[in-house]
Amino acid sequence: MATTSKKTLRGRAAPKLAKVGRGELLTLIDFVRYAVSRFVEARIAFAHGTTDPVAEAAFLVCEALHLHPDQFEAFAHARVTSAEGKTILDLIHKRVTTRKPAAYLVNKIYMRGLPFYVDERVIVPRSFIGELMESHFGGDGEAGSLIDDPTAVERVLDLCTGSGCLAILAAHHFPNAAVDAVDISKGALEVATRNVSEHGLDERITLHRGDLFAPLGNARYDLIITNPPYVDAEGMAALPPECRAEPKLAFDGGADGLDVVRRILRDAPDHLTPDGGLLCEIGRGRELVDEAFPELPLLWLDTEESEGEVFWIAAADLA
C-alpha cells in the first residue's frame, strides 16, 4: 500500500480531508455519503470498474466490511464498529491522497459479479466484452446471437489478457471450450495465474507469455476476444493520475492508438476457424478504425454503458 503523507502528489499538494468526530458517522450509508463528498471535493477520476463517486464509495465501504457489493442495500443502515469505521476512513483517505484506483487499494475488482485479484502489475479490468459474451453469444440480446450455441465453442483465445478476467469469463460462458490467454507482461501473467487458480480453471485455461499470436504456433480458434492497448499519443499525455498508476504498456496504442489493433486484424485470419470471429474492444476510436479499415464490414456492438466501443468481425469477412 502507498503511504499517504502530506507530500505533494505530482507537484500538487495532497488534499486535506475533513476530520470526522466520534459518533458522527454511524451507518454504511453515512460513510458512503462522506466518501462521495470527499471524492467530489478532490475531483478524482472514475474509470476503473465504477463510473461515479457513489458506486466507488459503496465499493470501498463493502470491501472494508468484507461484503459483496450486491449486499450493500441489505446493510445500508446497519451500524459500523469503531474499528471498521477507521478502516473505511483510511481507505477513503488513501483513495483521495494517492489517486490510485480503488481496486489497487483493496486488491479486488468485480466483473459480471465475479471477484478478481488485481494489483499494479495489471490494468484494472473494465472491459465491456464480458457483458457482450452474455448478450450476443447464445444470449437473448435484441441484436441476436453471433454464436448461437455456446456449448459448441471448442477453443477461445484471449489476447492481451492482463489479469485473466476475460479468459475466466469466457471459460464460464463457453463450458466446453479450452481457453488460451496471452500477454507480453510477466507480471500480468503472474496475476492471471493467481486468478485462474482461484477460480478453479487451471485445467481449462492455458496462459502464454508472448507478443500477441507469437507463442501460439498454428492454433486456430472459434472465438478470439481482445481488449488491446488503444490509447493514442494525445490521450496518453492527458491520462488522469489514476490511469498513470496502471501499466503504461496496457494503454499505449501508438500515435493513433491503432498499432496493436492493426496487427491483430492482420494476423487473426490465420488463427480463426472458418466459422469463427473476432471480438475487439477499441474504446472511443470507432471513427479512426472505420477510416483505417473501410473494406472491413465491422459490426459495432453496444452495451448498457457503451455505444460502439467493441466490434465483431467474422472470419469469412477477414480472409
Could you tell me if the side chain of Pro297 sits less than 4.5 Å from the side chain of Ile313, heavy atoms only? yes
Output, in order, the C-alpha distance, side-chain angles, deciding distance and verdict of side chain to side chain contact (heavy atoms under 4.5 Å, CB included) for Leu89 and Leu25. CA-CA 10 Å; Leu89 291 175; Leu25 301 177; 4.2 Å; yes
How about CD on Glu154, more than 12 heavy atoms from neighbouring residues, nucleotides or ligands closer than 6.0 Å, or not? no
Under 3.5 Å donor-acceptor, Asn107 side chain and Asp119 backbone: no
If you round to the nearest 0.5 Å, how far is NE2 of His173 from CD of Glu134? 7.0 Å
Hey, are the side chains of Arg126 and Thr51 touching, using non-hydrogen atoms and a 4.5 Å cut-off? no
So, does His199 use its side chain to make a donor-acceptor pair with the main chain of Pro115 at under 3.5 Å? yes
Non-hydrogen atoms of Ala167 and Thr161 that approach each other most closely: CB-OG1, 4.1 Å
Tell me, yes or no, whether the heavy-atom count around Arg284 atom CZ, taken from other residues, nucleotides or ligands under 6.0 Å, exceeds 12. no
Hey, is NE2 on His68 packed in by over 12 heavy atoms from elsewhere, all under 6.0 Å? yes
Do Val96 and Phe39 pass the side chain to side chain contact (heavy atoms under 4.5 Å, CB included) test, and can you show the C-alpha distance, the side-chain angles, and the key distance before you say yes or no? CA-CA 7 Å; Val96 170; Phe39 293 165; 3.8 Å; yes
Leu159, Met111: one ILVMFWY side-chain cluster at the under-4.5 Å cut-off? no
Should the pair Asp259-Arg263 be classified as a salt bridge under the 4.0 Å nitrogen-to-oxygen rule? no
What about Ile92 and Val61, same hydrophobic cluster or not, with Ile/Leu/Val/Met/Phe/Trp/Tyr joined at side-chain heavy-atom distances under 4.5 Å? yes
In a check of side-chain contact (heavy atoms from CB on, under 4.5 Å) between Ile184 and each of Leu212, Leu249, Leu189, which one passes? Leu249
Minimal non-hydrogen separation, Ile129 against Asn227, with atom names: CD1-N, 4.4 Å
Out of curiosity, does Trp300 fall in the hydrophobic cluster containing Val310 (side-chain heavy atoms, cut-off under 4.5 Å, transitive links)? no
Measuring from atom CD1 of Ile44 to atom CD of Glu242, what distance do you get when rounded to the nearest 0.5 angstrom? 6.0 Å
Is Arg286 close to Glu309 at the side-chain level, that is, under 4.5 Å between some pair of heavy atoms? no
Could you walk me through whether Leu278 and Leu265 pass the side chain to side chain contact (heavy atoms under 4.5 Å, CB included) test, one step at a time? CA-CA 9 Å; Leu278 168 69; Leu265 286 170; 3.7 Å; yes
Does a salt bridge link Arg209 with Glu190, judged by any charged N lying under 4.0 Å from a carboxylate O? no
Residues, nucleotides or ligands: over 12 heavy atoms within 6.0 Å of Asp275 CG: no
Go through it in stages, so that I can follow the logic: the residues are Lys94 and Asp90, the test is salt bridge (Lys or Arg N to Asp or Glu O under 4.0 Å), and I'd like the CA-CA distance, side-chain angles, deciding distance and then a yes or no. CA-CA 6 Å; Lys94 288 177 181 177; Asp90 285 346; over 6 Å; no
For the residue pair His271 and Phe213, categorise the inter-ring angle as parallel (less than 30°), tilted (30 to 60°) or perpendicular (more than 60°). parallel
More than 12 heavy atoms from other groups under 6.0 Å of CD on Glu291: yes
Is the backbone N or O of Leu272 less than 3.5 Å from a side-chain atom of Arg220, with the two atoms forming a donor-acceptor pair by type? yes
Mind checking whether Ile205 and Asp158 have side chains closer than 4.5 Å, heavy atoms only? no
What closest approach, in Å, do Leu91 and Ala64 show between heavy atoms, and which atom pair accounts for it? CD1-CB, 3.8 Å
Shared ILVMFWY cluster between Tyr104 and Leu239, side chains joined below 4.5 angstrom? no
For the side chain of Glu84 and the backbone of Thr81, is there at least one donor-acceptor N/O pair under 3.5 Å apart? yes
Could you measure the distance from the CG atom of Leu301 to the OG atom of Ser306? Nearest 0.5 Å is fine. 8.5 Å
Evaluate side chain to side chain contact (heavy atoms under 4.5 Å, CB included) for Leu65 paired with Phe75, printing each intermediate quantity in order. CA-CA 10 Å; Leu65 301 177; Phe75 294 102; over 6 Å; no
Kindly give the heavy-atom pair with the smallest separation between Leu258 and Ala292, and that separation in Å. CD1-CB, 4.0 Å
Do Leu67 and Phe72 come close enough that some side-chain heavy atom pair is under 4.5 Å? no
Has Asp222 got a side-chain atom pairing as donor or acceptor with Val153's backbone, closer than 3.5 angstrom? no
Give the minimum heavy-atom separation between Val124 and Pro101, together with the two atoms involved. CG2-CB, 3.9 Å
CG on Leu169 to CZ on Phe174, rounded to 0.5 Å: 10.5 Å
Counting C-beta onward and ignoring hydrogens, is there a side-chain heavy-atom pair between Arg262 and Asp256 closer than 4.5 Å? yes
So if you build clusters from Ile, Leu, Val, Met, Phe, Trp, Tyr with side-chain heavy-atom gaps below 4.5 Å, do Phe46 and Phe251 land together? no
Which distance, rounded to the nearest 0.5 Å, do you find between the OG1 of Thr87 and the CG of Leu60? 12.0 Å
Taking the side chain as every heavy atom from C-beta outward, state whether Met133 and His172 have any atom pair closer than 4.5 Å. no
Test your reading of the model: is there a side-chain donor-acceptor pair from Arg155 to the backbone of Leu223, 3.5 Å cut-off? no
I want to check something: taking the side chain as every heavy atom from C-beta on, are Leu146 and Leu299 in contact at a cut-off of under 4.5 Å? yes
Taking all non-hydrogen atoms of both residues into account, name the closest pair between Pro150 and Pro175 and its distance. O-CD, 4.2 Å
Counting only heavy atoms not in Glu198, do more than 12 fall under 6.0 Å of its CD? yes
Nearest-0.5 Å distance, CG of residue Leu288 to OH of residue Tyr230: 13.0 Å
